[in-house]
Amino acid sequence: MIAVVLVLAALAATAVALCLDPLRQIVLSGMYGLLLVILFVVLQAPDVALSMLVVTTVAYPLIVLAAIRRTRR
Amino acid sequence: MSRRTLRGLLALPALGVLGAILAWGASGLAPFGHFHGFYGQLLNAIALPQRHTTNTVTAIVFDYRGLDTMGEELILFAAVVGVVLLLREAGHPTQQDIARDRVHSEALRYFGVAGAALVVLVGVWLVAFGLVTPGGGFQGGVTIASGVVVLFLTAGYRSWRRLASEHALDPLEATGAAAYITLGLATLIAGAPFLHNFLGPGKTGTLFSGGSMSLLNWAVALEVAAANLVLYTEFLQQYVVSLVPDTGEE
């Protein structure tokens, strides 16, 4: 289980790094973050998983999306 | 030689050195799943009998390493102050801008209010039981703030502004940060070490376990929730300002 999540997280991280469009990149980064959340749960670190869950899926995308929107105007 | 190849050639030695250091560092790590940190194992063994908290992580954050947490809280405070300073002249939404960010579905709006209340409730629960089960001031604080984001997503900026006004949030954030420091200084004045647990350990498994740790926990929750809301408000203002009439339906 740990190995599966680790491999998926590594693939997602590579996808984030290789993505050139910021809009797609932030969506990918959210998925990558969710995989890290699963990894933290699998590794029995629920406290980190809880904060990571909110920061990676709500806080970070919201700020980046607003910034992209504002700078593209 | 083109610029691109030149850049690649320049990056190559740096990448090589970085890779070598990483490999060297990784080779010295303990095998996966075999943690041998003395400090961690010691705290795991003594946190429950000493501090009566079943969540050792929170005991470390608010007691054994309480001073570090104060530093982290002040980092967040300073970061948000920086954002507010940087964006202070980037434009404030006018009434027309706000009117453009409108949600037309009544059903979505009612669902959103219920959803937002639910997420905020989960956040408060995470804070309250932070010393008993996984969670705590930081986790609960960010969850409370994201509950209000649900309100923006489903009911628009107008509802957001009604609930998360800057004039109310700024003092709340400062109060959260100040409460932590005040609790520390109060114990100093009383003749005990900085951030000393002056309420005693309390009863294991209840909301009052951990003693004055729970006060620090609520102070951090207030600071983190307000700091995140201030941050979101700043960025959402920029989003609303960027709405133009022809794409206002987005």
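Order of the sequence lines sets the chain letters (A, B, ...), proteins ahead of strands, with each chain counted from 1.
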Proximal component of B:V149, with respect to chain A [non-hydrogen, under 4.5 Å]: side chain

With B:R109 via salt bridge (Lys or Arg N to Asp or Glu O under 4.0 Å) - residues at least two apart: B:E106

Neighbourhood of chain B inside residues 26-46 of chain A, taking heavy atoms under 4.5 Å as contact: A:L43, A:P46

For the student: nearest non-hydrogen atoms of A:A67 and B:F235, plus distance: CB-CE2, 4.3 Å

Heavy-atom side-chain contact between B:F32 and A:I2 under 4.5 Å: yes

Winner by heavy-atom pair count (cut-off under 4.5 Å) against chain B, out of A:L50, A:L53, A:I63: A:I63

Residue-level contacts of residues 111-128 of chain B with chain A, using a heavy-atom cutoff under 4.5 Å: B:L126

Sidechain-backbone polar pair: B:Q139 side chain, A:D47 backbone, donor-acceptor under 3.5 Å: yes

Atom pair CD/CD1 of B:Q238 and A:I68 - distance to nearest 0.5 Å: 14.5 Å

A:L62, part contacting chain B, at a heavy-atom distance under 4.5 Å: side chain

B:Y39 atom OH, over 12 foreign heavy atoms within 6.0 Å: yes

Atom OH of A:Y60: over 12 foreign heavy atoms under 6.0 Å: no

Distance-only side-chain donor-acceptor flag, A:R70 / B:S242, under 3.5 Å: no

Residues in residues 53-61 of chain B near chain A [non-hydrogen atoms, under 4.5 Å]: B:N55, B:V57, B:T58

